[in-house]
2 protein chains.
Amino acid sequence: MNSEFTIAVHSLVFLAYRPDRMATSEMIALNVNTHPSRVRKIMSCLRKQGFVRTKEGIGGGFIFNRSPDQVTLAEIYRATSIGSIKPAWCSGNEDEDCMVACNMAEVMDQVFSEAEQQLIAYFERITVADVLRRVQTAQQFKN
Amino acid sequence: MNSEFTIAVHSLVFLAYRPDRMATSEMIALNVNTHPSRVRKIMSCLRKQGFVRTKEGIGGGFIFNRSPDQVTLAEIYRATSIGSIKPAWCSGNEDEDCMVACNMAEVMDQVFSEAEQQLIAYFERITVADVLRRVQTAQQFKN
DNA sequence: TGCAACTGTAACAAATATAATAACAGTAAG
DNA sequence: CTTACTGTTATTATATTTGTTACAGTTGCA
Ligand code: FES
Ligand code: FES
């Protein structure tokens with residue numbers, strides 16, 4: 001899995017945390033620890049799916065467009081990283097004269113696809129608000 | 001996830017498929033479609049965990065050391081790829097003066113770790129023998 | 001005993017994927 | 001009309017993954 005999912009979740013949690021639920025790509029990038037351009041790219045994706053809206057021009061930025069306790073990690077995963085648990089590399093060889101060589105790629109495809117469904121089912125149970133609460137809990141344990 | 005898990009599963013299914021449950025790294029590599037050296041590296045790992053035993057020297061190779069219907073994908077995953085669903089890149093920054101920046105990495109760690117448990121729970125339900133059966137089924141649908 | 005066919009392991013090279021950065025057009029506020 | 005922002009693409013740097021080579025160690029067998 002690449003880290004777009006992580007960045008998307010972090011960005012939304014950060015927005016949820018802000019009183020006005022708004023921040024610029026620069027502020028988010030600083031918080032997430034990456035480049036503003038990368039944030040914009042991923043947020044642009046989240047905008048197209050309705051998670052956030054954007055305001056261009058001066059005083060603009062990204063604005064959380066839904067309720068943090070309604071947005072699940074499953075939705076974010078689907079929006080940013082669907083298919084990413086399956087490795088790009090596939091085993092086997094269709095030209096080989098062996099049932100295993102010819103069909104393993106397809107079977108592993110099924111397996112990874114079902115595995116991803118399990119993952120999504122788990123993410124379904126966690127909202128952005130939950131993650132923010134976990135952050136608060138983690139913070140408390142430091143004090 | 002890198003593809004060591006895929007290669008390990010494929011190799012064991014291939015061994016299970018063979019009447020004598022034995023094959024050399026060259027035969028496996030041809031079937032899997034990779035380099036014999038890569039197969040040896042991964043099989044060496046499986047040997048240390050008792051999935052296979054090896055015979056060096058002439059007429060040697062890798063031998064399935066357990067019953068294919070007793071070996072689950074969960075065990076293979078744990079042996080080869082534990083921790084790999086979590087991306088290496090971590091968001092946040094401990095030095096930042098923000099609760100979210102400081103704790104997201106830890107929280108996402110938890111989330112990915114729990115997600116991986118779900119994945120493993122699913123893999124627990126699939127054996128090498130099951131995968132071989134799926135291969136056979138996939139083959140039938142081609143005829 | 002010596003050759004041939006294997007595994008075990010490490011080192012290196014090539015290919016690919018990921019992340020960072022730069023650049024610039026478009027937009028809105030003031 | 002300038003400033004602060006997003007949107008998007010292109011490029012570069014870095015990290016990861018895969019392929020390949022090399023060679024020592026092991027075993028069977030003529
Ligand atoms: S920016 Fe990569 S999936 Fe949206
Ligand atoms: S060879 Fe990579 S985990 Fe075993």
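The figures here come from the full heavy-atom set of this structure, side chains too, leaving out hydrogens, waters and symmetry mates. Note on naming: letters A, B, ... go to the chains in the order of the sequence lines (proteins, then strands), and numbering restarts at 1 for each one.
A straight line from CD1 of I63(B) to C1' of dT27(D) spans 13 Å, rounded to a whole angstrom. Remark: C1' of dA10(C) and NE2 of H35(B) are 14 Å apart, rounded to the nearest angstrom. The distance between atom CG of L15(B) and atom C1' of dT7(C), rounded to the nearest whole Å, is 14 Å. Regarding R38(B), its CZ atom lies at a distance of 16 Å from the C1' atom of dC12(C), rounded to whole Å. The separation between L30(A) atom CG and dT21(C) atom P is 13 Å, rounded to whole Å. Remark: P of dT20(D) and CD1 of I42(B) are 14 Å apart, rounded to the nearest angstrom. In this structure, CZ of F5(A) is placed 18 Å from C1' of dT18(C), rounded to the nearest angstrom. In this structure, CD1 of I28(B) is placed 15 Å from P of dG19(D), rounded to the nearest angstrom.
Considering all non-hydrogen atoms of both residues, A115(A) and I85(A) come closest at CB-CD1, 3.8 Å.
At most 12 heavy atoms of other shown residues, nucleotides or ligands fall within 6.0 angstrom of atom CG in D97(B). Enclosure of atom CD in Q136(B) by more than 12 non-hydrogen atoms of other residues, nucleotides or ligands within 6.0 angstrom is indicated. Around atom CD of E26(A), no more than 12 heavy atoms belonging to other residues, nucleotides or ligands sit under 6.0 Å away.
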B/S/- contact track for nucleotides 3-13 of chain D, protein heavy atom under 4.0 Å: BBBBBBB----
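Side-chain heavy atoms closer than 4.5 Å link hydrophobic residues (I, L, V, M, F, W, Y) into clusters, and following such links, even through other members, never connects M22(A) to L12(A). In the hydrophobic clustering of ILVMFWY residues, with side-chain heavy atoms under 4.5 Å counting as a link, L30(B) and M99(A) come out apart.
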Which pairs would a plain distance check flag for residues 50-67 of chain B, meaning a side-chain donor or acceptor within less than 3.5 Å of a matching protein atom at least two apart in sequence or in another chain?
unit_1 : atom_1 : unit_2 : atom_2 : d
R53(B) : NE     : N65(B) : OD1    : 3.2
R66(B) : NH1    : E75(B) : OE1    : 3.0
R66(B) : NH2    : E75(B) : OE1    : 3.2
R66(B) : NH2    : E75(B) : OE2    : 3.3
S67(B) : OG     : D69(B) : OD1    : 2.5

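A distance below 6.0 Å separates the ring centres of F123(A) and F5(A).
Between R78(A) and E124(A) there is a salt bridge, since a side-chain N of the basic residue sits under 4.0 Å from a carboxylate O of the acidic one.
For the helix from dT1(C)-dA30(D) to dG30(C)-dC1(D), the rotation axes defined at the first and last 5 base pairs enclose an angle of 0°, given to the nearest 10°.
An OP1 or OP2 oxygen of dA20(C) is reached within less than 4.0 angstrom by a side-chain nitrogen or oxygen of W89(B). Close to dG19(D), at under 4.0 Å from its OP1 or OP2, lies a side-chain N or O of T34(B).
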